[in-house]
Amino acid sequence: MLTLDRDEARRIAVRAQRLDARAAVAAAEVVPLVEHLTFLQLDPTAVIAPSADLIAYTRLGAGYRPEQLQQAVERDRLLYELKAQDDPVQPPFAMVRHVSDLGLNLDRMSAGPVHGGWKAWLEANPGFRRDVLDRLRAEGPLMSKDIPDTAEAPWGSSGWTHNRNVTMMLELLQGLGEVAVAGRVGRQRTWDLAERVYPAGIQVVPEREAKGIRDARRLKALGIARPQLVGDAGEPARVDGSSREWRVDPDAVGQPFAGRTALLSPFDRLVHDRVRSEELFGFEYLLEMYKPEAKRRWGYFALPILHGDRLVGKLDAAADRKAGLLRVAAVHEDVPFTADTRDAVDASITELAAWIGVEVER
């Protein structure tokens, strides 16, 4: 079993996520970036910028533009959008993936939903399912509001999905690989039959083989991870000061490292596993947008701050595009910043503001 000190473990994680100081690849290479990271998480919250775009910007630099991601999904069909369970430590979320991953997921998807309630509801609505597919076949791509609700049994929920029958059916059929997101009009998804969205000739890998390949790809993107995230991929490892067992990408061990400063999305994969963040980086973080304002410690949508191989604080800021400003409410220092750290963070804030086309207001 490999034994790593925490410095090396952190550097493995930062390098794997392409957040070290290697020369940024051209912005046109957002497609191979997504292939390496395995996905970009989509989230409608855009306090500064949509999460997927912010994640791409932190890797590709100021040359990256959101329309490049949109083009890769909607015109070039090199990326595809999916809402599915991909991470054992998080609930299902929307993501953009590379088409090379599609064949690794279709067999699992075709087996149907694992959640008993979803499966039962799907089985209770065979006519509704046929109606949705027939409507898309005849008229797609369509937004959900353009598809009649003919549900035999309504979707019941105490949350925001209550009685949203068409949306739930589309997402379940997407999970089965029968329909797909064809594009977006603003934030609204358009839907079509999967066969008209996904590239032809996708080779479906049986799930018994695909799982191991997915685990290996995920570990390469993370560098070091808990076993429940990556299965038996890579090699077992221990980290000095941690009682947990880890899995590490052996190709990532012992590589040279040069750090930089970056402002991360709260959904960035460097910080998504809170256990790993605390164990390896000593970094405490919670996304506080769902908390009452009086109970927030760092802010509504605070951005974790990476400096070198350490997570050193959080940026509480929001873009006011009408005023042309990035309003900085606070820079929370987990440990007192040195003058060099403060200068580097200030420069990163200025660069982020320039990328979204506003000026900094402190």
Side-chain angles (χ1 to χ4, degrees), residues 1-20 37-39 41 43 45 51 54-55 58 86-91 93 215 218-231 233-249 252-253 257 259-291 295-316 330-338 341 344-345 348:
M1 181 178 292
L2 293 171
T3 299
L4 307 171
D5 62 35
R6 287 199 183 192
D7 289 348
E8 174 68 353
R10 288 194 300 270
R11 291 168 183 174
I12 287 171
V14 173
R15 278 196 306 263
Q17 277 289 297
R18 297 194 171 175
L19 287 166
D20 59 329
L37 296 179
T38 73
F39 65 85
Q41 182 168 341
D43 188 87
T45 308
S51 182
L54 185 55
I55 291 169
T58 58
D86 191 72
D87 186 334
V89 303
Q90 290 190 341
F93 53 83
D215 287 346
R218 189 178 298 118
L219 180 60
K220 187 165 287 294
L222 295 173
I224 181 169
R226 294 186 288 152
Q228 52 263 58
L229 275 170
V230 296
E235 295 184 9
R238 294 202 179 278
V239 177
D240 289 344
S242 171
S243 61
R244 298 179 183 275
E245 183 178 326
W246 301 86
R247 304 295 298 188
V248 66
D249 174 11
V253 177
F257 179 83
R260 62 184 174 96
T261 303
L263 306 172
L264 308 180
S265 163
F267 300 109
D268 198 288
R269 306 314 281 176
L270 189 69
V271 297
H272 81 290
D273 183 350
R274 307 306 188 214
V275 173
R276 190 182 79 152
S277 295
E278 292 191 15
E279 290 268 337
L280 302 187
F281 291 87
F283 184 68
E284 181 185 1
Y285 182 76
L286 288 172
L287 179 57
E288 297 181 309
M289 60 189 291
Y290 304 108
K291 286 186 175 184
K295 294 186 177 181
R296 294 174 191 151
R297 298 167 59 188
W298 305 304
Y300 178 83
F301 202 71
L303 306 187
I305 301 171
L306 173 70
H307 182 66
D309 64 358
R310 296 180 181 273
L311 293 163
V312 297
K314 296 96 175 169
L315 170 67
D316 181 10
V331 177
H332 299 282
E333 302 180 11
D334 286 9
V335 294
F337 287 2
T338 66
T341 301
V345 172
S348 294

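We number each residue from 1, following the sequence as shown.
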### Query
Heavy-atom distance under 4.5 Å between the side chains of K291 and L286, does that happen here?
yes

### H332 NE2 to I305 CD1 distance, which is reported to the nearest 0.5 Å
9.0 Å

### Query
Who are the side-chain hydrogen bond (donor to acceptor under 3.5 Å, both in side chains) partners of D316, not counting sequence neighbours?
none

### Message
Looking at every heavy atom in both E245 and P227, which two are closest together, and how far apart are they?
### Response
O-CD, 3.2 Å

### Message
When you compare the side chain of L264 with that of L303, does any pair of heavy atoms fall below 4.5 Å?
### Response
no

### Task
Could you tell me whether a side-chain N or O of Q41 sits under 3.5 Å from a main-chain N or O of S51, the two making a donor and an acceptor?
no

### Query
Where do S265 and V271 come nearest, in terms of heavy atoms and distance?
O-CG2, 4.1 Å

### Query
Out of D334, L270, V14, which residue meets the side chain to side chain contact (heavy atoms under 4.5 Å, CB included) rule with L311?
L270

### Query
Do you know the tightest heavy-atom contact between R269 and Q17?
CB-OE1, 3.4 Å

### Message
Keeping R15 on the side-chain end and D20 on the backbone end, is there a donor-acceptor pair under 3.5 Å?
### Response
no

### Message
With side-chain contact (heavy atoms from CB on, under 4.5 Å) as the criterion, how do L306 and T261 come out once you've worked through the C-alpha distance, each side chain's angles and the decisive distance to 0.1 Å?
### Response
CA-CA 5 Å; L306 173 70; T261 303; over 6 Å; no

### Query
What's the spacing between T45 OG1 and M289 CE if we round to 0.5 Å?
3.0 Å

### Task
Apply side-chain contact (heavy atoms from CB on, under 4.5 Å) to H272 and L222, showing your working.
CA-CA 11 Å; H272 81 290; L222 295 173; 3.9 Å; yes

### Task
Output the distance between atom CH2 (W298) and atom CG (L287), rounded to the nearest 0.5 Å.
10.5 Å

### Message
So, taking the atom named CZ in R310 and the one named OG1 in T341, what distance separates them when rounded to the nearest 0.5 Å?
### Response
10.5 Å

### Summary
Heavy-atom closest pair (A302 atom, Y285 atom, distance to 0.1 Å) is O-OH, 2.6 Å

### Query
Can you list the steps and then say if H307 with F337 is a side-chain contact (heavy atoms from CB on, under 4.5 Å)?
CA-CA 10 Å; H307 182 66; F337 287 2; over 6 Å; no

### Message
I'd like to know if the side chain of R6 reaches the main chain of D240, judged simply by a donor and an acceptor atom lying under 3.5 Å from each other, with no hydrogens or angles considered.
### Response
yes

#### Entry: Which residues share a side-chain hydrogen bond (donor to acceptor under 3.5 Å, both in side chains) with D5, sequence neighbours left out
none

### Query
Would you say L2 and P236 make side-chain contact, with heavy atoms under 4.5 Å?
no

### Task
Please assess L4 against I224 for the test side-chain contact (heavy atoms from CB on, under 4.5 Å), listing each intermediate value before the final yes or no.
CA-CA 11 Å; L4 307 171; I224 181 169; 4.0 Å; yes

### Task
Give a yes or no on whether a salt bridge exists between E288 and K314, defined as a side-chain N under 4.0 angstrom from a carboxylate O.
no

#### Entry: Short side-chain to backbone donor-acceptor contact, R274 and F283, under 3.5 Å
no

### Summary
Correct closest heavy-atom pair for E279 and S242 would be OE1-OG, 2.7 Å

### Task
To the nearest 0.5 Å, tell me how far L37 CG sits from D268 CG.
8.5 Å

### Query
Got a sec, which residues hit side-chain hydrogen bond (donor to acceptor under 3.5 Å, both in side chains) with R10, two or more places apart in sequence or on another chain?
D7

## Note on the structure
Minimal heavy-atom distance between A221 and T38, with the atoms involved, is CB-CG2, 4.2 Å

#### Entry: Side-chain ion pair, K220 and D249, N-O less than 4.0 Å
yes

### Atom pair CG (L229) and CH2 (W246), whose distance is rounded to the nearest 0.5 Å
9.5 Å

### Query
Mind checking whether F39 and F93 have parallel, tilted or perpendicular rings, split at 30° and 60°?
tilted

